[in-house]
Amino acid sequence: QVQLVESGGDSVQAGGSLRLSCAASGIIFSIRGMGWYRQAPGKQRELVARITRDGSTTNADSVKGRFTISRDNAKNTVHLQMNSLKPEDTAVYYCNANVKTTGLLWGDYWGQGTQVTVSS
């Protein structure tokens, strides 16, 4: 079994910053891509940022220049530094990871989500 646990969600004013963290635990042999997605009320879940094992990143256009994704392969963690937050960034943020686990099988895993609320 693999668990992803997010932390760092909070309520902030526009222009503020937050740092989200996600730790993967359980039976883990390797992790390929890790990423952050978000879902606002009444909207579909969308990609925020992803990072490969070797550090290559992909960011949604809406967060380029404001959000930075990073990871620590030794600790099986991924982080999202969010600066210059806007009210439209308000959403539940989910961590995702592609993990090689029991039986040497790859699977996609999700965290439970952490709420980010940005007020104007």
Side-chain angles (χ1 to χ4, degrees):
Q1 293 288 347
V2 175
Q3 298 83 37
L4 300 182
V5 178
E6 302 108 332
S7 61
D10 205 343
S11 296
V12 297
Q13 290 193 327
S17 298
L18 284 174
R19 179 176 171 86
L20 304 183
S21 295
C22 173
S25 63
I27 302 174
I28 297 172
F29 292 99
S30 184
I31 301 178
R32 289 191 297 207
M34 302 185 80
W36 290 95
Y37 292 73
R38 67 186 181 187
Q39 187 166 19
K43 295 188 177 181
Q44 290 189 330
R45 190 173 297 188
E46 65 176 2
L47 171 69
V48 177
R50 286 195 66 82
I51 185 167
T52 64
R53 185 169 181 82
D54 65 3
S56 297
T57 62
T58 301
N59 295 288
D61 287 343
S62 59
V63 306
K64 284 180 179 177
R66 299 188 299 123
F67 292 9
T68 302
I69 189 171
S70 62
R71 66 187 283 176
D72 185 332
N73 292 332
K75 296 181 179 179
N76 292 332
T77 57
V78 62
H79 308 280
L80 186 68
Q81 179 65 43
M82 305 187 294
N83 299 327
S84 302
L85 283 160
K86 304 176 180 180
E88 50 264 42
D89 295 318
T90 296
V92 177
Y93 284 70
Y94 296 91
C95 174
N96 169 266
N98 190 234
V99 181
K100 182 188 284 187
T101 182
T102 307
L104 301 182
L105 298 175
W106 289 96
D108 241 14
Y109 294 87
W110 293 88
Q112 80 287 353
T114 186
Q115 177 69 47
V116 172
T117 302
V118 185
S119 58
S120 57

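Note: hydrogens, waters and symmetry copies are ignored here, and every other heavy atom, side chains too, is used. These figures come from a predicted structure and were not determined experimentally. Residues take their numbers from the sequence shown, with the count starting at 1.
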For residues [X] and [Y], report the shortest heavy-atom separation together with the two atoms involved.
| X | Y | result |
| --- | --- | --- |
| His79 | Thr77 | NE2-OG1, 3.5 Å |
| Ser17 | Asn83 | OG-OD1, 3.0 Å |
| Leu20 | Trp36 | CB-CH2, 3.7 Å |
| Pro87 | Ser119 | CG-C, 4.5 Å |
| Ala97 | Leu4 | N-CD1, 3.7 Å |

Is there a path of hydrophobic side-chain contacts, each under 4.5 Å between heavy atoms of I/L/V/M/F/W/Y residues, joining Trp110 to Val99? no

Honestly curious: do Met34 and Val92 fall in one hydrophobic cluster under the side-chain, below-4.5 Å linking rule? no

Start with the C-alpha distance between Phe67 and Leu85, add both sets of side-chain angles, then the distance that settles side chain to side chain contact (heavy atoms under 4.5 Å, CB included), and finish with yes or no. CA-CA 9 Å; Phe67 292 9; Leu85 283 160; 3.7 Å; yes

N/O donor-acceptor pair under 3.5 Å between Thr57 side chain and Ile51 backbone: no

For the side chain of Glu6 and the backbone of Gly113, is there at least one donor-acceptor N/O pair under 3.5 Å apart? yes

When rounded to the nearest 0.5 angstrom, what distance separates [atom1] in [X] from [atom2] in [Y]?
| X | Y | atom1 | atom2 | answer |
| --- | --- | --- | --- | --- |
| Met82 | Thr68 | CE | OG1 | 11.0 Å |
| Ile27 | Thr101 | CD1 | OG1 | 5.5 Å |
| Ser30 | Leu104 | OG | CG | 10.5 Å |

Going by heavy atoms in the side chains, are [X] and [Y] under 4.5 Å from each other?
| X | Y | value |
| --- | --- | --- |
| Tyr94 | Cys22 | no |
| Arg32 | Arg53 | no |
| Arg71 | Ile31 | yes |
| Gln1 | Thr102 | no |
| Val78 | Ile69 | yes |
| Arg50 | Tyr37 | yes |
| Arg38 | Ser62 | yes |

For Glu88, does the CD atom have more than 12 heavy-atom neighbours from other residues, nucleotides or ligands under 6.0 Å away? yes

Side-chain ion pair, Lys86 and Asp89, N-O less than 4.0 Å: no

